[in-house]
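Down below is the structure, laid out as structure tokens.
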Amino acid sequence: MATAATAPALPHTGYKSESGVWSWLTTVDHKRIGALYLYTALLWFLIGGLEAMMIRIQLQGPNGRFVSAETYNQLFTMHGTTMIFLVIMPLSAAFFNLLIPLQIGARDVAFPRLNAFSYWVYLFGSIFMNASWLIKAAPDGGWFGYVPLTSTYSPGLNIDFWMLGLQILGVSSLAAAFNFITTVINLRAPGMHFMRMPIFTWMAFIVQFLLVLAFPVITIALVFLQFDRFFGTQFYEAAAGADPLLWQHLFWIFGHPEVYILVLPAFGLVSEILPTFSRKPLFGYPVMVYSGILIAFLGFGVWAHHMFAVGMGPIADTLFAVTTMLIGIPTGVKIFNWIFTMWGGDLRFTTAMKFAIGLVGLFTIGGISGVMHASPPADLQQTDTYFIVAHFHYVLFGGSMMGLFGGVYYYYPKLTGRMLSEKLGTWHFWLAFIGMNLTFMPMHWSGLMGMPRRTWVYDAGQGLEVFNLMSSIGAYIQAVSVMIFVWNLWSSRKRGAVAGNDPWGAPTLEWSIPSPPPEYNFATIPTVTSRYPLWDRKSAEPGAPAGGRVPSAKELGIPMPNPSIWPLFVALFMTFMFASLLLIHLGKTPFAIAGIITFAFLMTLSLYRWLLTPLEDEH
Amino acid sequence: MPAESRLRRLVTAALTAAVASLIAGCVQNPNSVFHHRTDFNRDVGSLFELLIWLGTIVFIFTEGMLLWAIVKYRSRPGKPHQPEQVHGNTRLEILWTVIPAVVLAIIAVPTVQTIFKTQGAARADALQVEVTGHQWWWEFRYPQYGVATANELYLPIGRTVSFALKTHDVIHSFWIPALGGKRDLVNNRTNHIWFTPDSTTEEAFNGFCAEYCGTSHANMRFKAFTVTSEEFASWIAHQQSPALVIPALGAPPTPPPANATKATKAPTKTTTATATQTQAQPAPVQAGFVSFARERMPHHAIPQTPLPPGLTFDTTLVGDASRGGMLVATGLCTGCHTIKGVPTMQAQTGPDLTHVGSRLTIAAGLFPNDTRHLAAWIKNSRAMKPGIQMPTMGKGQYDPIVKSTLTIGFTDQQIADIVAYLQALK
Amino acid sequence: MATAATADVVGHGHPPTTTGLDHRKIAIWAFIGSECMLFTSLISTYLVYKGRSVTGPFPHEVCNPPQCATTLKPILNIPVTSVSTFVLLMSSLAMVLALAAVENKDKPGWAGTGAWGRALASSKLWLLMTAILGATFLGFQAFEFTSFVHEGLTIRQNLFGSSFFTLTGFHGAHVTVGVLWLLTLLAIDVRRGLGPKDALIVDISALYWHFVDVVWIAIFTLVYLIR
Amino acid sequence: MGEVHEHPNWGTYKWVALILSVITVVEVWVYYVPSFVASRLFVPVLLTMSAVKFAIVVMFYMHLKYDHKLFRALFTGPLIIAILTMVILLFLFGHLAIRAG
Ligand code: HEA
Ligand code: HEA
Ligand code: CUA
Ligand SMILES: [Cu+2]
């Protein structure tokens, strides 16, 4: 569905030969898969944003009655889940797909069909989870679904959709992660040893390890929940002596690394954009790399800072307070290195640059409030209030989204061969910037004035009206900015100025090839001799001339992987297999079992077809 | 240069203003976490203010540097377009590794001290309060006095109070911004938090459930009143006294009816029969302090939740407490509520109603406890508080959970009687 | 410089991988790393819930009334599990021999010419052996599960039951996948014979197999032996 | 593209198998010595023995000892994080002395 919607949006001058819906369903080209990720995620961003809008309308005034309490709970649960799992992660994945092979000088990822599989799983999983709206049973347990509320006390289908949906999406992320780890390790062009790798690829590489290590944990936590809900196990059954904190620990062991999964790709993009538009290399490249690794490692030792109120005792509180604060140091190093990348540079404020600077400024705010949470006694007054909501929107919107928007403006030309409108872009940026501050800054106040989060209504006369009204107005401004952005994407796809190989004067390999790149990316695999090949290349050969006709893989005799429909089928049947479980709660267990068996069989069948057809024709 | 420095001064000014107003604005607000009314909150507060000021300094420093770079190094016509290619500077990078480390150390030390201070054991002679969370109301017990109440907490000024927090169903979180930070109510665990209220006079505070706990999480509020120790003693004494009793109810409890329809029918018969003979004893004359003075309730503590449109009640109807008592003691209410001294009223599912008449709010701090709201509540509580267990009981009312309109149920007159009885339960 | 020097002449074939290693082997190791966290979560849960069950049967302790309706003896059957553990260990030995046999296909008599030498050189024999030992382990597990159920321990019975069956069940599932994988290899071996050029795919399945074995080593100690 | 590295052979495999079996036998044996089970050595000893088994299977059967060092990183990194996580969890749930359970 999303495919059909997005297919026409892309002029693939590189290889017109294979366009049309079928070519999109069967594609194994990392650039096309990247595009699919990008446009699908943006679609969900509209939905997630729409949910946010409804939240803000409801909270615009005291004791609002715009939606019912039940609906409201579904709204914030789905808003959070959507934004994190269906928007930011896949948006990052879009850039992993598009950029990693281009930046390391490869012709594709290590496992092209696995790559397609990841996308289809994501697509079907996201549709599955949102299908719950259609039967008025959207998840309503909050995005971290604490038990026993989500186990014993939520009989409906709502939580099943959430639980199974996350399970499906997990498969997608894991498959992609193994793929990219292998790609980065094994497909770097000659001469590109690790310390010459573009910083975005580095951050992406680190994120893959976070994914590989964090997702199994939530998988298990969800398996327990599934077993409890479907098969009557006791993992979260208080009456049986279970401890609900088990869920909280398992969730946050995943959950905190997850937040760095959400932000590191954005950091990577910003680290590409700032040098380009400062005409200066990244300040302290090695430190940027090491700090990234350190953040990731520390990220596994801080999870319980989400649980300071559960009564873990002073020793545990101290332990996690200290580890949490430590993370501020490597992150700070990044911030300052970015500032000093601009220092003494020749700054050009393109839209991409504006968003990059926006990240540096706004993430810092979120980070500082984060450090305030890190102090348990103070956090007892902050936790589960809008003060927290403010924190994580500054890091998520001010951090991740700003970086990703910047990335879109920066790489849209490479993806489509056309530039986005700078004029609309500027409007998008300033409205988003003003809107987001107007929305989320007052939340610090409303939180400290005693407004708990996840509350359907707040009472009048408690000094909360003004701040909530400001937040709502800010949100509407953001809505306008997003619409401008959407319009920009749509209108520029045909009318945008033709980009050429390197519209920005950027230093890294992806800019040495035509835009959009030919299916094989590099006619000849480059040999890398430095961190910024295109800058060090003293106006040597400019790569294929922009606009000139690009020879096809066949003409060059470059072996390309064949398209395949099987990854799509495997993904589809897997989704149906999980979905069949819902029948258990509809009292149709036999059908459920039948469904699971059938779809498991079909899935295995398609899997064998996939594995037994060779990736390429013999050559 | 002047351009930049002006800009910088501007930003700095704006920020200090912002922070000042952050603290100021909050201090004025009686709900805010900076409205310190306990030792606990003062400790937390001083730590928090340290965090805010350090945070502000870091913020001004970082953002200032950012703005400076943006303004100073923006591309200008005259300027050479090939800046010097700096790749890094180890000394600088060490500098901004060390400085944050120092700042964090400055935060960490008082943090750890406060952790151990606030989580130590409460003094032995502390007032014990058992808090039990229910979807979506609060049960408060004073084990030292054998007193049980709901949704309204009385605390003597100057005496340390130690809360034992438990939950009946899902995880909740106990929070009174002005008195103390949150503690979650977790299954199979008993959490503790203690503090000493040090208000100068009697005060009323808002309390909240701060952990998402389902449909009416937003409506799981409560009130806390700090009173003098004399008033507290008198309040306890009053709470210990049995409720207004109706003789006819001394009879062995009539088993709680099985389902709504029968239940709501049952009383309609009995009342007409018994109303005439029974006479309610006048409530025992109340000496001294029985509840926080209504007129002293501060604006922010008075619930302003609107009644759902269409849920009306003619407040001119005069109710008969004894008839109302019969309805209560023989009807659905027996299934869930306790009224000390009434044999049929010993259930634990819902709030203890023994002294409900002396409370200032109903429905977990959602509505003021007056005739209009109480009547509406009896009539159709589910329309007033989404998702709750207490059934809709007014004749012809629409039950949003069962999704049907009641063909039988209490008439407005009967509701007036019940309200009269409940209000008599001072 | 960047695009100037050409790594491989335009056209045919793939450039060699950066590390000279095969993609699939890197992927399987990354996968195994990920599996570490998976089983950590399962094992941690089992240990966290150890001794928290409100009713029996218990792993190592007797459960007396009133905690249990009737007196229940400790449920774990160490002798049987020890044997199945040994079986799984031996399957790992068979697996390495299978790999060695495949790797040395092109050197007839590499393992000696005697009967034993010829046996050592037979990849089919050792693949089959590994699969059989794996299946035997599963047989033991099936026996263990059924006898537990008869003694009143189901996955719904108590925290111990839930966490025990889920943990060992997950491991059992991994073994099952492994057996199927081995049988697929055996089939290929029978159809067209596996040679040195196939060493990699055998190597990969071997890594998976040994990892599953290693996990069991941990489970055997943490769940069965430590009281 | 199989990579070349000196491979352990039947000789090594045989010994490894032997050691594994012996350790396993010892493990089970000590399990049946009440006095030892009671001693505070019981848990550490068992843990060490299984750690040894774990290590030699990984080093020799999974030939990590002979293989590309990259694989060592890919495995030990996650393993360390996994073990740390388990230890912290057991601490948080007051199980650090596993027998307390
Ligand atoms: C992009 C995602 C992201 C990122 C990057 C972060 C980063 C950080 N987060 Fe945040 N966090 C979330 C997303 C994120 N967080 C989310 C979604 C939640 C809520 C979950 C929920 O409950 O729904 C949350 C909640 C959350 C909590 C729990 C609060 C509570 O529920 O009670 C805590 C507590 O410690 C915390 C801390 C931190 C810290 C210390 C950082 C650090 O990494 C920040 C480090 C950065 C800086 C410090 C700024 C730059 C540094 C300098 C300029 C140097 C100088 C600075 C100093 C010396 C202080 N976060
Ligand atoms: C990356 C993550 C992310 C992003 C980008 C956002 C973006 C926004 N968030 Fe969200 N938010 C979360 C992650 C995120 N949020 C999380 C994790 C939670 C916690 C959930 C929980 O508690 O479980 C949360 C919770 C949360 C709350 C608290 C709810 C509560 O606790 O009761 C609020 C309240 O205002 C809010 C508001 C907003 C707003 C106004 C935006 C805006 O920035 C949105 C901007 C986007 C738009 C405005 C798009 C509008 C588009 C259109 C109008 C076009 C529509 C047309 C079509 C659909 C065809 N968010
Ligand atoms: Cu109780 Cu929220
Ligand atoms: Cu966190």
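Protein chains get the first letters and strands the later ones, always in sequence-line order, with residue 1 at the start of each.
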Next on the checklist: As an exercise: rank B/T167, B/V186, B/T305, B/T118 by heavy-atom pairs under 4.5 Å with chain A and give me the winner.
Outcome noted: B/T305

Checklist entry - So which of B/V98, B/D169, B/L92, B/L47 has the largest heavy-atom pair count under 4.5 angstrom toward chain A? => result B/D169

Next on the checklist: Assess the residue pair B/K72 and A/W343 against the criterion (side chain to side chain contact (heavy atoms under 4.5 Å, CB included)); give the C-alpha distance rounded to whole Å, side-chain angles, the decisive distance to 0.1 Å, and a yes or no.
Outcome noted: CA-CA 8 Å; B/K72 182 140 191 289; A/W343 203 270; over 6 Å; no

Checklist entry - Does A/K280 use its side chain to pair, donor to acceptor, with the backbone of B/P83 at less than 3.5 Å? => result no

Next on the checklist: Contact between B/Q85 and A/W535 at the side-chain level, heavy atoms closer than 4.5 Å - yes or no?
Outcome noted: yes

Checklist outcome for this item: Test side-chain contact (heavy atoms from CB on, under 4.5 Å), reference A/P377, set B/D43, B/V112, B/T114, output is B/T114

Next on the checklist: Let's go through A/F336 and B/M65 carefully: what are the C-alpha distance in whole Å and the side-chain angles of both, what is the deciding distance for side chain to side chain contact (heavy atoms under 4.5 Å, CB included) to 0.1 Å, and is it a yes or a no?
Outcome noted: CA-CA 9 Å; A/F336 294 123; B/M65 216 157 69; 3.4 Å; yes

Checklist entry - Is chain B contacted by the side chain of A/Q74, its backbone, both, or neither, given a heavy-atom distance below 4.5 Å? => result neither

Checklist entry - Which bit of B/F61 comes within less than 4.5 Å of chain A, counting heavy atoms only: side chain, backbone, both or neither? => result side chain

Checklist outcome for this item: Checked B/I176, B/L54, B/N89 vs chain A; the most non-hydrogen pairs under 4.5 Å come from B/N89

Item to check | Pairs of heavy atoms under 4.5 Å with chain B: top-ranked of A/S68, A/P281, A/A460 | outcome: A/P281

Checklist entry - For B/N188, is it the side chain, the backbone, both, or neither that has a heavy atom closer than 4.5 Å to a heavy atom of chain A? => result side chain

Next on the checklist: Can you tell me how far apart CD (B/E84) and CZ (A/R279) are? Round to the nearest 0.5 Å.
Outcome noted: 16.0 Å

Checklist outcome for this item: Most heavy-atom pairs under 4.5 Å with chain A, out of B/R189, B/H299, B/R221, belong to B/R189

Checklist entry - Relative to each other, are the rings of B/F48 and A/F387 parallel, tilted or perpendicular (30° and 60° limits)? => result perpendicular

Next on the checklist: Run the side chain to side chain contact (heavy atoms under 4.5 Å, CB included) test on B/L104 and A/I329 for me, step by step, so that the C-alpha distance in whole Å, both residues' side-chain angles and the decisive distance to 0.1 Å come before the verdict.
Outcome noted: CA-CA 9 Å; B/L104 290 168; A/I329 297 171; 3.5 Å; yes

Item to check | Contact winner vs chain B - A/N337, A/D140, A/T364, A/V322, heavy-atom pairs under 4.5 Å | outcome: A/N337

Item to check | B/T111 side chain reached by A/M325 side chain, heavy atoms, under 4.5 Å | outcome: yes

Checklist entry - chain B: which of A/R65, A/M342, A/Q382 shares the most heavy-atom pairs with it under 4.5 Å? => result A/Q382

Item to check | Reported CG-to-CD1 distance for the pair A/L380 and B/I193, which is rounded to 0.5 angstrom | outcome: 6.5 Å

Checklist entry - Looking at A/I339, A/D379, A/T455, A/V360, which has the largest count of heavy-atom pairs under 4.5 Å with chain B? => result A/I339

Next on the checklist: For the CD1 atom of B/I115 and the CZ atom of A/F308, what is their distance to the nearest 0.5 Å?
Outcome noted: 7.0 Å

Checklist entry - Which bit of B/P308 is near chain A, if near means a heavy-atom gap under 4.5 Å: side chain, backbone, both or neither? => result neither

Checklist entry - Side chains of A/D384 and B/W175: does their closest heavy-atom pair fall under 4.5 Å? => result no

Item to check | Between NE2 on residue B/H87 and OH on residue A/Y532, distance to nearest 0.5 Å | outcome: 6.5 Å

Checklist entry - In terms of heavy-atom contacts, does CD1 of B/I106 have more than 12 from other residues, nucleotides or ligands at under 6.0 Å? => result yes

Checklist entry - Side chain, backbone, both or neither: which part of A/I357 has a non-hydrogen atom closer than 4.5 Å to chain B? => result both

Checklist entry - Is the side chain of A/D346 donor-acceptor paired with the backbone N or O of B/Y73 at a distance under 3.5 Å, no angle test? => result no

Item to check | Non-neighbouring partners of B/S216 that pass side chain to side chain contact (heavy atoms under 4.5 Å, CB included), sequence neighbours left out | outcome: B/W136, B/N219, B/K385, B/P386

Item to check | Part of B/Q119 lying under 4.5 Å from any heavy atom of chain A | outcome: side chain

Checklist entry - Do you know which of A/G284, A/P314, A/S278 has the most heavy-atom pairs under 4.5 Å to chain B? => result A/P314

Checklist entry - Is the closest side-chain heavy-atom distance between B/I107 and A/M372 below 4.5 Å? => result no

Checklist outcome for this item: When the 4.5 angstrom heavy-atom criterion is applied to B/V86 and chain A, the contacting part is both

Checklist entry - Would B/Q304 and A/D459 count as having a side-chain donor-acceptor pair, cut-off 3.5 Å? => result no

Next on the checklist: Would you compute the distance between atom CZ of A/R453 and atom CD of B/E211 and round it to the nearest 0.5 angstrom?
Outcome noted: 8.0 Å

Item to check | Option in B/S173, B/G120, B/G180 with maximal non-hydrogen atom pairs under 4.5 Å from chain A | outcome: B/G180

Next on the checklist: Does B/R183 form a side chain to side chain contact (heavy atoms under 4.5 Å, CB included) with A/V310? I'd like the steps, not just the answer.
Outcome noted: CA-CA 6 Å; B/R183 272 272 178 263; A/V310 303; over 6 Å; no

Item to check | Contact winner vs chain B - A/I335, A/L464, A/I365, A/V371, heavy-atom pairs under 4.5 Å | outcome: A/I365

Checklist outcome for this item: Looking only at B/L66, B/L165, B/T97, B/I302, most heavy-atom pairs under 4.5 Å shared with chain A are made by B/L66

Item to check | A/L282 versus chain B, the contacting section by heavy-atom distance below 4.5 Å | outcome: backbone

Item to check | Distance, nearest 0.5 Å, that separates OG of B/S32 from CD of A/Q381 | outcome: 8.5 Å

Checklist entry - Side chain, backbone, both or neither: which part of A/T341 has an atom under 4.5 Å from a heavy atom of chain B? => result neither

Item to check | Contacting region of A/I368 [heavy-atom separation from chain B under 4.5 Å] | outcome: side chain

Next on the checklist: I need the single residue from A/F76, A/Y146, A/F144 that forms a side-chain contact (heavy atoms from CB on, under 4.5 Å) with B/Y212. Which is it?
Outcome noted: A/F76

Checklist entry - Between B/I70 and chain A, which part of the residue has a heavy atom less than 4.5 Å away: side chain, backbone, both or neither? => result both

Checklist outcome for this item: With sequence neighbours left out, the residues meeting salt bridge (charged side-chain N to carboxylate O under 4.0 Å, His left out) with A/K136 are none

